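Only one structure is covered here, and it is reproduced in the block below.
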Amino acid sequence: MSFDIFNLSSELTKALEKNNYKTPTLIQTKVIPLVKTKQDIMAQAKTGSGKTASFVIPILEALKENKTQKKAKIKVLVLAPTRELTLQIAQTFSNLSEYFPKQLSVVSVIGGEKIGEQLLKIQKGCDIVVATSGRLLDIIGKKQIDLSTIEYFVLDEADKMLDLGFVQELDEILKIIPKQRQNLLFSATYSQKVIDIASKITTKAIKIEVEDTSTHVQEITQRAIFVKKEDRSELLRYLIKQHNFKSVLVFMANKRAADNIANKFLKKGYEAESFHRDLTQEERILTLDDFKNKKIDILFSTDIASRGLHIDDIDCVINFDLPRSTEDYIHRIGRTARAGKTGTAISFLDNENLNHFKLIEKRYKLDIPKEQIDGFDFTLIEQKKQKGPQPVKGKRKSKKDKLREQGLR
Ligand code: ADP
Ligand code: MG
């Protein structure tokens, strides 16, 4: 099957070819025709399934027809959870409209960068705004943006809108944009939170679901290795050398751990960097670019990189520390084996986190062999069968923690 089935314009077809989009993904075959019917859509499909193009393609096709005004008016507003995702979406709009006779103006509205340039572009007139909610509200507050002409409102990666403040920000944005609009919502997973967010935006969305995580996960070789906490760095070096991994994404429990270990690896001569929310926007972009371009071999990251980002060609994802929420496991390992390639995901286990790992396995119906590697001594303490992970001594688990463990948050 090719993109021909959608009867797209020659300009768009040419851009799809240039970007190597030959066959539409499943979500694209479902969403693209439906967007054209002007209905609201709530679409769920796993990470990496091509959700972005599923709304970018039909929106661009519609905008191409519509070339009346001299000064462009904002017709499309896309909200995305992070600055990186915002930039990626804006880039997709630009890439796929490259051959349009009249260039569309796409503006990214994101924090961490100077506001002046973004304001200037908006004032000059633009067709498409891709934004994170915080910065958009800053600009709305300055009365520098006219959102009264919005025709399409897109919320991408709804399940990653993790900030508690997001729902409030969304409320404010919804007050300003026209009630008459087409709403397109996308999410990798459904949770109560996503449903709550969606219900604020539209009550008449058509729901589209595409078979979950399992298909992609099949291309990932999942391993679990017992190792003492203090031996993890050494095991990581051993694995990189043994398998000749060239591009490794290592998930750490927190920013400090990511910084510390990246420094240690740098000193040992690896091209290593850390990636987390404390970096400036510029640093984040640079680091990701370097990782994509293979200037960095090992990226030590917090869960900020576990969702949404597409860096193709990652050989291996390492869970140096297990994710707190079971759901993040799938998001993390989904960073490898993208676009039909294969990949490896390795989790480091010990006596403390084994039960938590079993929860992850249970949730995703996995049964991953638990390995021990020669030279890395490890004594497994037989554990009593129990339902949940061992509570930390002297500390009662909060309700929030319990929910998180069940993957409900
Ligand atoms: P999602 O938002 O569902 O996680 P993305 O929209 O970010 O996925 O797409 C993942 C990757 O797949 C991107 O690199 C994108 O360019 C690529 N892609 C999307 N659709 C196609 C297609 N039909 N053919 C080839 N590559 C595609
Ligand atoms: Mg996406």
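Order of listing sets the numbers, starting from 1, for every ligand and every atom in it. These numbers come from the heavy atoms of this one structure, side chains and all, not from hydrogens, waters or symmetry mates. Everything numeric in this text was worked out from a predicted model, so none of it was measured.
Of the N and O atoms on the side chains of His276 and Asp259, at least one donor lies less than 3.5 Å from an acceptor on the other residue. Checked by atom type, the side-chain pair Gln88/Thr52 shows no donor-acceptor distance below 3.5 Å. Checking Gln28 against Ser54 by side-chain atom types alone, no donor-acceptor pair falls below 3.5 Å.
Polar contact with ligand 1: absent for Pro24 (N/O pair, distance under 3.5 Å). For ligand 1, the polar-atom distance check finds an N/O of Gly50 within less than 3.5 Å of one of the ligand's N/O atoms. Any N or O atom pair closer than 3.5 Å counts here, and Thr47 shares no such pair with ligand 1.
Geometrically, Arg237 engages Phe265 in a cation-pi contact, judged by NZ or CZ lying under 6.0 Å from the ring centre and within 45° of the ring axis.
Close approach of ligand 1 to Thr52 (heavy-atom distance below 4.0 Å) involves ligand atoms 2 (O), 5 (P), 6 (O), 7 (O). Listed by number with element, the atoms of ligand 1 under 4.0 Å from a non-hydrogen atom of Asn20 are 25 (C). Near Lys46, the atoms of ligand 1 lying under 4.0 angstrom from a non-hydrogen atom of the residue are 3 (O). Close contacts of ligand 1 with Thr23, meaning ligand atoms under 4.0 Å from a residue heavy atom, involve 22 (C), 23 (N), 24 (N).
Residues Ile140 and Glu172 form no side-chain contact, since every pair of their non-hydrogen atoms from C-beta on lies 4.5 Å or further apart. Residues Phe275 and Leu288 form a side-chain contact, since some pair of their non-hydrogen atoms from C-beta on lies under 4.5 Å apart.
Nearest to the Mg ion (ligand 2), among the N, O or S atoms that Glu157 has, is OE2.
At least one heavy atom of Glu157 lies less than 4.0 angstrom from ligand 1. Heavy atoms of Ala45 stay at 4.0 angstrom or farther from ligand 1. Using a non-hydrogen distance threshold of 4.0 Å, Phe186 does not register as a contact of ligand 1.
With sequence neighbours excluded, no residue satisfies side-chain hydrogen bond (donor to acceptor under 3.5 Å, both in side chains) with Ser301.
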